[in-house]
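The following block contains the structure, expressed as structure tokens.
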Amino acid sequence: MSHPSILIIEDEPAIADTLLYALATEGFSPRWCSTAAEGLAALRAQPFALLVLDVGLPDANGFELCKQLRASGHDLPIVFLTSRASEIDRIVGLEIGGDDYLVKPFSPRELTARVKVILRRVAPAAAPGTVTVPAPAAEIVTNLVTISAPFTHDELRCRISYRGRPLDLTRIEYRLLATFLGQPGRVFTREQLLASAWDEPEASLDRTVDAHVKTLRAKLRAVAPDDIDPIVTHRGLGYSLRE
């Protein structure tokens with residue numbers, strides 16, 4: 001049985017040692033790099049299931065490294081470690097593509113628990129081609145593609161297109177947009193969106209929803225900048241998809 005490989009980029013040896021021990025004890029195969037440069041080299045050398053990334057590295061800012069990875073096509077889950085406890089830093093970390101955020105000092109057991117949750121969440125999407133559909137079920141598969149102009153939603157492949165162009169969405173962005181597409185025109189509160197798109201909604205903030213809606217809107221504008229915003233903000237209530 002293979003052990004998921006976890007890359008840790010952290011410049012404090014004491015913290016890294018604790019993480020290495022905690023992850024190994026839980027059945028993971030962790031590797032430690034103390035700088036961003038070493039971490040990038042490790043990512044080029046082998047695949048990893050998840051990245052634990054310190055924000056304050058000696059040779060780079062963890063947020064900037066995350067942006068660089070996302071821009072180059074890396075979609076591995078990222079958990080930020082930082083001493084910054086402000087709400088805006090948490091929102092920025094999630095907004096640029098992070099999957100989770102832990103403030104130092106933290107419990108190694110909490111980190112390993114969050115790593116397990118994230119890996120369980122991404123496992124079904126890791127190999128979409130492994131689902132075999134018998135020939136008689138072809139009509140069922142076709143019905144999983146729904147069209148709600150100008151959107152097309154392929155539920156089997158977890159893909160959403162806007163005006164004919166596939167959207168490059170994070171898992172949370174996909175879940176949010178899929179929720180909107182399920183009931184166009186319905187106003188969803190932030191609490192309802194947290195419950196539909198997050199595995200642990202009680203551990204997230206209302207502002208987290210706002211941050212992800214903002215990035216989702218930016219991706220829709222990138223496809224059709226002249227369109228009216230398809231996501232409507234209802235002040236004091238929540239959001240809906242324009243009918």
Side-chain angles (χ1 to χ4, degrees), residues 3-123 126 170-173 198-200 202-205 207-208 210-212 214-215:
H3 301 286
S5 297
I6 308 295
L7 178 61
I8 302 166
I9 306 180
E10 163 65 59
D11 66 321
E12 296 185 45
I15 294 178
D17 286 342
T18 301
L19 294 177
L20 288 168
Y21 177 79
L23 289 167
T25 300
E26 292 296 327
F28 297 105
S29 178
R31 176 177 174 182
W32 172 41
C33 294
S34 60
T35 66
E38 291 177 11
L40 287 173
L43 288 169
R44 286 192 291 266
Q46 72 174 90
F48 289 92
L50 183 140
L51 169 61
V52 178
L53 178 59
D54 184 24
V55 173
L57 295 168
D59 61 336
N61 178 284
F63 288 159
E64 293 303 320
L65 180 57
C66 176
K67 290 181 183 179
Q68 181 181 341
L69 291 173
R70 294 297 187 234
S72 62
H74 274 285
D75 60 356
L76 81 167
I78 296 176
V79 177
F80 285 114
L81 300 180
T82 181
S83 56
R84 304 176 183 179
S86 69
E87 180 184 22
I88 188 62
D89 284 320
R90 291 196 297 271
I91 292 172
V92 168
L94 296 169
E95 189 175 21
I96 63 175
D99 292 80
D100 212 334
Y101 193 108
L102 281 176
V103 177
K104 301 175 183 177
F106 57 87
S107 163
R109 291 182 63 186
E110 180 183 2
L111 176 90
T112 56
R114 293 189 182 219
V115 167
K116 289 178 181 178
V117 168
I118 293 172
L119 293 182
R120 282 199 303 268
R121 185 174 68 207
V122 303
T170 65
R171 288 180 296 281
I172 297 298
E173 290 166 353
W198 275 261
D199 293 291
E200 296 180 305
E202 66 281 357
S204 301
L205 305 168
R207 287 286 301 278
T208 304
D210 298 337
H212 283 281
K214 179 180 177 181
T215 60

_Leu19 vs Phe28 side-chain heavy atoms within contact, under 4.5 Å_ =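 Not touching, per the 4.5 Å side-chain cut-off.
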*Heavy-atom check, side chain of Arg114 versus side chain of Val79, under 4.5 Å*: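 In short, these two side chains do not touch, never coming nearer than 4.5 Å.
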*Can you find a pair of side-chain heavy atoms, one from Leu81 and one from Leu111, that are under 4.5 Å apart?*
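SC-SC contact between Leu81 and Leu111 confirmed.
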*Roughly how far, to the nearest 0.5 Å, is CG of Leu7 from OG of Ser29?*
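Spacing of OG (Ser29) from CG (Leu7) equals 11.0 Å.
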_Could you check whether any side-chain heavy atom of Tyr21 comes within less than 4.5 Å of a side-chain heavy atom of Pro108, counting everything from C-beta outward?_
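No. Closest side-chain heavy atoms not under 4.5 Å.
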*Could you tell me the separation between the CG atom of Asp11 and the OG1 atom of Thr35, rounded to the nearest 0.5 Å?*
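Those atoms lie 9.5 Å apart.
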_Restricting to non-hydrogen atoms, name the atom on Ala36 and the atom on Ala60 that form the minimum distance, rounded to 0.1 Å._
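In terms of heavy atoms, the two residues are closest at CB-CB, 3.6 Å.
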*Taking the six-membered ring for Trp, are Tyr101 and Phe63 parallel (under 30°), tilted (30 to 60°) or perpendicular (over 60°)?*
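Tyr101 vs Phe63 ring planes: tilted.
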*Going through the distances and angles, do Ile172 and Thr208 end up as a side-chain contact (heavy atoms from CB on, under 4.5 Å)?*
CA-CA 10 Å; Ile172 297 298; Thr208 304; over 6 Å; no
*Applying side chain to side chain donor-acceptor pair (under 3.5 Å), which residue pairs with at least one partner in residues 44-60 are found, sequence neighbours left out?*
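Qualifying pairs, neighbours excluded: Arg31-Gln46, Asp54-Lys104.
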*side-chain contact (heavy atoms from CB on, under 4.5 Å) between Glu173 and Thr215, intermediate numbers included*: CA-CA 8 Å; Glu173 290 166 353; Thr215 60; 2.7 Å; yes
*With rounding to the nearest 0.5 Å, note down the distance linking CD1 in Ile15 to CG in Leu20.*
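If I round to the nearest 0.5 Å, the distance is 12.0 Å.
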*Nearest non-hydrogen partners of Ile96 and Arg70, listed with the distance*: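 Looking at all heavy atoms of both residues, the shortest contact is O-CG, 3.8 Å.
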_Test side-chain contact (heavy atoms from CB on, under 4.5 Å) applied to Leu50 and Leu23, step by step_ = CA-CA 12 Å; Leu50 183 140; Leu23 289 167; over 6 Å; no
*Tell me, do Leu40 and Gln68 make a side-chain contact under 4.5 Å, heavy atoms counted?*
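They are in side-chain contact.
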_Nearest 0.5 Å, please: how far is CD1 in Ile9 from CG in Leu51?_
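Answer for the CG-CD1 pair, Leu51 versus Ile9, is 4.5 Å.
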*Could you tell me the separation between the SG atom of Cys33 and the CG atom of Leu57, rounded to the nearest 0.5 Å?*
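Rounded to the nearest 0.5 Å, the SG-CG separation comes to 10.5 Å.
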*How close do Phe80 and Cys66 get, heavy atom to heavy atom, and via which atoms?*
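Answer, listing the atom of Phe80 first, then Cys66: CZ-CB, 3.6 Å.
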*Hey, could you give me the CG/CD distance between Leu53 and Glu10, rounded to the nearest 0.5 Å?*
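Rounded to the nearest 0.5 Å, the CG-CD separation comes to 9.5 Å.
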*Where the side chain of Trp32 meets the backbone of Asp17, is there a donor-acceptor pair that is under 3.5 Å apart?*
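Between the backbone of Asp17 and the side chain of Trp32 there is no qualifying donor-acceptor contact (under 3.5 Å).
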*Which heavy-atom pair separates His3 from Gly27 by the least distance, and what is that distance?*
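Nearest heavy atoms, His3 then Gly27: ND1-O, 2.8 Å.
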*Measure from the side-chain N and O atoms of Asp99 to the backbone N and O of Ile78, and report whether any donor-acceptor pair falls under 3.5 Å.*
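It does hold such a pair.
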*Is there a donor-acceptor pair under 3.5 Å between the side chain of Glu12 and the backbone N or O of Ala14?*
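No, Glu12 side chain to Ala14 backbone: no donor-acceptor pair under 3.5 Å.
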*What residues form a side chain to side chain donor-acceptor pair (under 3.5 Å) with Lys214, not counting sequence neighbours?*
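Result, side chain to side chain donor-acceptor pair (under 3.5 Å) vs Lys214: none returned.
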